[in-house]
2 protein chains.
Amino acid sequence: MTVNSARPEPLQEVIPIRRISLSDKIIDQIVDLISRNVLQPGERLPSEKDLCKRFGVGRATLREALRSLAVMGILDGRVGEGTFVSHNNQRYLERNLQWGLLLDPKKVGDLLETRLMLETQTAFSAARKATAADLEAMEGTIQGMENSVDRPEQYLRFDLEFHLLVAQATQNTILHQLVSMTRGYLQAWIKESLVSPPSRPEDRHRAQTSIREHRAVLRALRSGQAEQARQAMRAHILSSSADLHQHLEQTST
Amino acid sequence: MTVNSARPEPLQEVIPIRRISLSDKIIDQIVDLISRNVLQPGERLPSEKDLCKRFGVGRATLREALRSLAVMGILDGRVGEGTFVSHNNQRYLERNLQWGLLLDPKKVGDLLETRLMLETQTAFSAARKATAADLEAMEGTIQGMENSVDRPEQYLRFDLEFHLLVAQATQNTILHQLVSMTRGYLQAWIKESLVSPPSRPEDRHRAQTSIREHRAVLRALRSGQAEQARQAMRAHILSSSADLHQHLEQTST
DNA sequence: TATATTAAGGTTGTCAGACAACCTGTAAAT
DNA sequence: ATTTACAGGTTGTCTGACAACCTTAATATA
């Protein structure tokens, strides 16, 4: 019993007395059932009327619980059919991330920094795990870019596809989602910065440079040199971010 | 017009026709208001009756939207007072502690890999941006760990707090969110793996080791040596992940 | 008989009204 | 002036009802 251990709880703030609503309890129970695999993905829950009787609550209360779980992507309500356990429990992670990110005044600068980190790391990891099929698909997207240097819309789709393929090659679904998400948010800005000056001659040059950078990344991935892949991706991201930064400062001032 | 560019849309699957419920639309609107800071943290929303008239929906529908946002920690309903915008948007982390169990073992492995990447990078970035206040707060959490080596519950809270402080020190809100999220999901597993064998003697030893690792990270951050901070964090994460990996293989078999 | 149409029942989505539990501020009583 | 009681407003919950929709089976038609 030292002095320190005698102060187990600083009581830093007033006791956060929590009023637990009925729908919260229902949510906890359903989540528990799913996590224990009593309710399996794709399975249909009993009807709302039935669930009301089992839980002993009114339909409004039950529905508030079900809707909450549906919004998070854990359940999936279909009119006229029933309520089902979402088979891709993956989606609720994505939703949660979106809610989290939406609430912040999402600074594009922070996003760019995060993207740099994510993508350099995915390149590193992908160099070790990419399959022949992955590499072939990447080659296809690069050819797609070459064939659409004059169609920014289409070019961007191939560009995005390439980066997603790299993320997919890591075989880490969460990493893939994070990359997909950051790209998703940035895509709007990228598109704007590319479209606003309608097809300048520099765009063609920029596209050629970008394609060379992509090829460098792919080359490193092919040879399985992780560190080299990271550097190549880093160079590409920094290079492509420069335009965005420039465009940002123009619009913000 | 090559073969590649002639295949713009594979029409891979049937059109995912989506039925958008009214409460979903309300959720979108409210989230948008909050993200645009029209509704600020701590602010009180109009009463439900009032909101019903504004949105032109019934109270059940409105409540399903409000409850969904409340469950995610974005809103906070208080009986007799009103509904408020949650000021600590990190409350949704607490809830995710339970939902972490929804992830299957394979995804937990992915999460561990992702966490390693995120946290090593945050340590690197934090070494350059951490303020004196940040460092002092971290010191406090380490002392908290030392004073609670025999109370796993409390120890984990300080542990979590330390890592969140490191993320916060990067001054990158998105990075901070991602670290919060990954830690949040893992926390459920960490807790389970610590509680299942009730207070073995090794736990004390593990805690001491963990504290040393944390100190090493803090030392590197203090001296502003980014690369050293990354390595220290990497060592710590790998060391602390070992237990989880072991626990994972037990449960998956 | 085989196919198309219709009807019935069940299910979710939404609305309206009501009551309980609760908080706050004000007016009344001490 | 302090305490008490009350009234109004707010969220939490229940009940009943109707619309939109899906599935299934019975019915009508070729």
Side-chain angles (χ1 to χ4, degrees), chain A residues 13-30 33-34 39 41-87 91-92 95, chain B residues 14-30 33-34 39 41-87 91 95:
Chain A
E13 289 181 13
V14 186
I15 309 165
I17 188 171
R18 59 188 322 176
R19 175 189 317 283
I20 306 176
S21 65
L22 289 184
S23 46
D24 275 337
K25 293 180 185 173
I26 295 177
I27 289 178
D28 285 344
Q29 283 201 45
I30 294 181
L33 287 181
I34 296 178
L39 286 174
E43 190 172 344
R44 209 199 101 155
L45 311 192
S47 73
E48 294 183 350
K49 191 171 20 169
D50 196 354
L51 286 175
C52 285
K53 276 186 285 188
R54 300 202 198 193
F55 283 115
V57 300
R59 199 155 92 96
T61 303
L62 177 85
R63 275 190 59 78
E64 286 175 10
L66 293 186
R67 282 294 301 157
S68 296
L69 292 171
V71 167
M72 291 185 283
I74 296 177
L75 294 183
D76 182 21
R78 302 203 269 272
V79 178
E81 292 183 67
T83 305
F84 300 79
V85 179
S86 196
H87 47 296
R91 201 157 202 86
Y92 85 98
R95 298 265 178 118
Chain B
V14 186
I15 311 163
I17 187 170
R18 61 185 317 177
R19 176 189 317 283
I20 306 176
S21 65
L22 290 184
S23 46
D24 275 336
K25 293 180 185 172
I26 294 178
I27 287 178
D28 285 343
Q29 284 201 46
I30 294 181
L33 287 180
I34 296 178
L39 286 174
E43 190 172 342
R44 207 201 103 155
L45 313 191
S47 71
E48 294 183 352
K49 190 171 27 170
D50 197 354
L51 286 175
C52 285
K53 277 187 287 191
R54 301 202 198 193
F55 283 115
V57 300
R59 199 155 91 96
T61 303
L62 177 84
R63 276 190 58 78
E64 285 175 10
L66 294 185
R67 283 292 302 156
S68 296
L69 291 171
V71 167
M72 290 187 281
I74 295 176
L75 295 182
D76 183 20
R78 301 204 270 271
V79 178
E81 293 183 68
T83 305
F84 299 79
V85 179
S86 195
H87 53 302
R91 193 183 187 78
R95 298 224 152 259

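Since the model is a prediction, treat every value here as computed from it, not as a measurement. By convention in this document, chain letters (A, B, ...) are assigned in the order of the sequence lines, proteins followed by strands, and residues within each chain are numbered from 1.
- Under 4.0 angstrom from either OP1 or OP2 of dC15(C) there lies at least one side-chain N or O belonging to Thr61(B).
- Listed for the Ser86(B) side chain is no donor-acceptor partner under 3.5 Å among the backbone atoms of Leu75(B).
- Mapping Gly56(A) and Glu81(A) onto DNA chain D by nearest heavy atom places Gly56(A) closer to the 5' end of the strand.
- Within 4.0 Å (heavy atoms only), Gly80(A) reaches at least one base atom of the nucleic acid.
- In this structure, Leu69(A) atom CG and dT12(C) atom C1' are separated by 16 Å, rounded to whole Å.
- Following rounding to the nearest Å, Lys49(A) (NZ) and dC14(D) (C1') show an atom-to-atom distance of 16 Å.
- Put simply, CG on Asp24(A) is 16 Å from P on dT11(D), counting in whole angstrom units.
- Between the CD atom of Glu48(B) and the C1' atom of dC22(C) there is a distance of 14 Å, rounded to whole Å.
- Across all strands, Leu22(A) comes closer than 4.0 Å only to sugar-phosphate atoms, never to a base (heavy-atom distances).
- The side chain of Thr83(A) contributes an N or O atom lying less than 4.0 Å from OP1 or OP2 of dT12(C).
- Spacing between atom CZ of Arg78(B) and atom P of dT24(C) amounts to 9 Å, rounded to whole angstrom units.
- Using a 4.0 Å heavy-atom distance criterion, Arg44(B) is classed as a sugar-phosphate-only contact.
- Contact annotation: side chain of Arg63(A) to base of dT13(D), donor-acceptor pair absent below 3.5 Å.
- Candidate nucleotides dC15(C), dC14(D), dT11(D) were compared by shortest atom distance to the side chain of Val79(B), and dT11(D) ranks first.
- Leu62(A) places its CG atom 13 Å from the C1' atom of dG13(C), with the value rounded to the nearest Å.
- Side-chain contact of Ser23(B) with Arg63(B): a donor-acceptor pair under 3.5 Å is absent, judged by distance alone.
- Atom C1' of nucleotide dT10(D) and atom CG of Asp50(B) are separated by 12 Å, given to the nearest angstrom.
- Distance CZ (Arg67(B)) to P (dT11(D)): 13 Å, rounded to an integer number of Å.
- Side-chain atoms of Ser47(B) and Asp50(B) include no donor-acceptor pair closer than 3.5 Å.
- A donor-acceptor pair under 3.5 Å is absent between the side-chain atoms of Thr61(A) and the main chain of Val57(A), judged by distance alone.
- Residue Ser21(A) places its side chain closer to dG12(D) than to any other of dC22(D), dG13(C), dG12(D).
- Of the charged side-chain nitrogens involved, none lies within less than 4.0 Å of a carboxylate oxygen, so that Arg44(A) and Asp76(A) do not count as a salt-bridged pair.
- At a cut-off of 3.5 angstrom, counting only N and O atoms as typed in the model, there is a donor on one side and an acceptor on the other between the side-chain of Arg59(B) and the base of dG12(D).
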